[in-house]
Amino acid sequence: MRAIQVSEVGGPQVLRLVDIDQPTPGPGQAVVEVAASGVNFLDVYHRQGRYTLPLPFTPGTEGAGTVLEVGPGVTHVAVGDRVGWVEIPGTYAEQAVVDSSRLVPLPDGVDFEAAAAVLLQGMTAHYLVKDAYPVQPGDTVLVHAAAGGMGLVLTQLITHLGGRVIGTTSTPEKAQLARRAGAAEVILYSAVDDLAAEVKRLHGGQGLPVVFDGVGRDTFDASLASLRTRGHLVLFGAASGAVPPFDPIRLAQGGSLTLIRPSLGHFIADRSELLRRAADVLELVRTKALETTVTARYPLTEVAQAHRDLEARRTTGKLLVIP
């Protein structure tokens with residue numbers, strides 16, 4: 001079968017298409033025919049070596065497809081089941097081996113592309129607004145990169161919960177997308193000299209209870225400055241690079257602020273929580289309360305270009321690899 005393989009960490013050029021043996025499932029495992037795989041910054045971090053995986057590896061951690069074969073002791077799924085999964089490397093391939101306990105059943109009405117487009121970002125957004133900071137009706141929230149794949153999902157969930165979103169984007173076109181997703185206000189990075197001051201202006205001169213920041217280095221200072229006393233910064237990504245080390249006294253000086261750097265894996269650690277969170281997200285998709293926006297599809301031969309497009313922040317919505 002064909003798969004993308006990384007033998008050394010580095011730029012997009014290390015993503016090489018190779019022919020490898022078809023996988024066989026071990027105890028508790030299933031082989032899935034991959035119909036679609038989501039492209040995420042997590043894949044970039046793996047490729048760069050920021051988050052390490054044993055070499056060589058096949059990147060891609062979010063996929064959907066059909067169970068082809070199961071190994072001994074598998075009870076969670078059966079051959080022919082439609083399933084999705086997240087945070088298991090190996091989806092940039094025609095087939096993948098997945099621990100069956102991490103497979104999520106797909107309901108009728110949710111196709112493979114929608115599942116591959118929403119599971120990782122949808123469950124991430126779900127734990128962010130339900131657990132990292134439980135958004136309440138009436139909360140005004142700052143969402144950075146509101147027109148990206150993650151930003152669009154997060155904006156929709158916050159507004160679904162009754163929150164008001166101030167979004168940030170880089171272009172007027174992206175601002176329109178953020179507004180369509182429910183953002184009440186959108187700030188263009190290039191149009192303001194003091195982002196935090198503009199955020200507060202749009203909130204009646206007051207700081208916000210929470211900022212959801214997946215950008216990292218470029219927005220971190222403005223995110224802290226946008227908060228009210230005892231506000232919360234939820235730093236869930238680093239699209240612009242890692243935040244440099246800083247003195248925690250800044251949190252006290254900013255008004256007894258709190259900072260959390262959560263990770264999805266800790267919020268789907270056991271199967272019951274995984275199934276509950278996935279079911280909530282997929283039901284929102286099935287009922288059209290949450291829209292998935294797939295803006296580009298790449299064959300395996302163009303995976304490197306998918307990474308270049310994502311890293312250059314030229315994209316909106318979700319990117320998929322279609323083996």
Side-chain angles (χ1 to χ4, degrees), residues 1-21 23 34 36-63 85-99 102 116-117 119-121 123-124 127-128 144-145 148-151 212-220 223 234-246 259-269 296 298-315 318-321 323:
M1 71 164 189
R2 299 186 307 156
I4 297 295
Q5 197 167 81
V6 173
S7 298
E8 58 179 338
V9 297
Q13 74 278 359
V14 304
L15 297 162
R16 296 188 174 92
L17 182 61
V18 298
D19 286 310
I20 60 176
D21 293 337
V34 181
S37 175
V39 180
N40 299 288
F41 269 102
L42 179 61
D43 310 339
V44 173
Y45 302 157
H46 286 153
R47 191 207 73 219
Q48 294 172 335
R50 188 182 302 179
Y51 297 167
T52 58
L53 291 174
L55 295 169
F57 66 88
T58 293
T61 60
E62 174 185 38
W85 65 99
V86 299
E87 293 215 323
I88 298 175
T91 61
Y92 291 2
E94 291 176 331
Q95 296 177 18
V97 177
V98 184
D99 183 331
R102 307 308 292 171
L119 275 174
L120 191 146
Q121 291 175 337
M123 288 197 292
T124 297
Y127 88 74
L128 289 176
H144 286 296
M150 184 66 215
F212 291 104
D213 189 340
V215 175
R217 183 182 59 205
D218 291 353
T219 54
F220 182 75
S223 293
V234 182
L235 182 69
F236 64 91
S240 66
V243 174
F246 72 100
L259 167 66
I260 182 174
R261 179 56 176 91
S263 178
L264 173 61
H266 299 130
F267 293 84
I268 54 170
Y298 302 81
L300 287 173
T301 54
E302 296 179 13
V303 165
Q305 187 59 49
H307 276 223
R308 291 188 190 100
D309 291 344
L310 185 64
E311 289 181 88
R313 299 166 82 171
R314 290 191 292 261
T315 64
K318 186 73 175 188
L319 312 183
L320 295 179
V321 172

Heavy-atom check, side chain of [X] versus side chain of [Y], under 4.5 Å:
| X | Y | result |
| --- | --- | --- |
| Leu264 | Tyr127 | yes |
| Leu320 | Val39 | no |
| Pro59 | Ile4 | yes |
| Pro89 | Leu53 | yes |
| Ile268 | Arg102 | yes |
| Gln5 | Val18 | yes |
| Arg47 | Val303 | no |
| Phe236 | Met150 | yes |

| Arg308/Glu302 ion pair, N-O < 4.0 Å | no
| message | One thing to verify: whether Glu62 and Lys318 come together as a salt bridge, which I'm taking to mean a side-chain N less than 4.0 angstrom from a carboxylate O. | response | yes
Donor-acceptor contact below 3.5 Å, side chain [X] vs main chain [Y]:
| X | Y | result |
| --- | --- | --- |
| Thr58 | Gly90 | no |
| Arg217 | Ala242 | no |
| Asn40 | Leu42 | no |
| Ser240 | Val215 | yes |
| Glu87 | Gly265 | yes |

Where do [X] and [Y] come nearest, in terms of heavy atoms and distance?
| X | Y | result |
| --- | --- | --- |
| Ala116 | Ala36 | CB-O, 3.6 Å |
| Ile20 | Ala3 | CD1-CB, 3.8 Å |
| Ser7 | Leu55 | O-CD1, 3.6 Å |
| Ala238 | Arg50 | O-NH1, 3.4 Å |
| Glu311 | Pro12 | OE2-CG, 3.8 Å |

How many angstroms lie between atom [atom1] of [X] and atom [atom2] of [Y], to the nearest 0.5 angstrom?
| X | Y | atom1 | atom2 | result |
| --- | --- | --- | --- | --- |
| Arg2 | Asp19 | CZ | CG | 8.0 Å |
| Phe220 | Leu259 | CZ | CG | 5.5 Å |
| Leu128 | Phe267 | CG | CZ | 8.0 Å |

| said: side chain to side chain contact (heavy atoms under 4.5 Å, CB included) for Ile88 and Thr61? Distances and angles first, verdict last. | reply: CA-CA 5 Å; Ile88 298 175; Thr61 60; over 6 Å; no
| request: Verify side chain to side chain contact (heavy atoms under 4.5 Å, CB included) between Leu319 and Tyr298, making sure each step is shown before the conclusion. | output: CA-CA 8 Å; Leu319 312 183; Tyr298 302 81; 4.0 Å; yes
| said: If you apply the rule side chain to side chain contact (heavy atoms under 4.5 Å, CB included), what do you find for Arg16 with Glu8, and how did you get there? | reply: CA-CA 10 Å; Arg16 296 188 174 92; Glu8 58 179 338; 4.0 Å; yes
| query | Given Val34 and Glu94, is the side chain to side chain contact (heavy atoms under 4.5 Å, CB included) satisfied, shown in steps? | reply | CA-CA 5 Å; Val34 181; Glu94 291 176 331; over 6 Å; no
| query | In terms of side-chain heavy atoms, does Asp43 have a donor or acceptor partner in Tyr92 at a distance below 3.5 Å? | reply | yes
| Relative to each other, are the rings of Tyr45 and Tyr51 parallel, tilted or perpendicular (30° and 60° limits)? | perpendicular
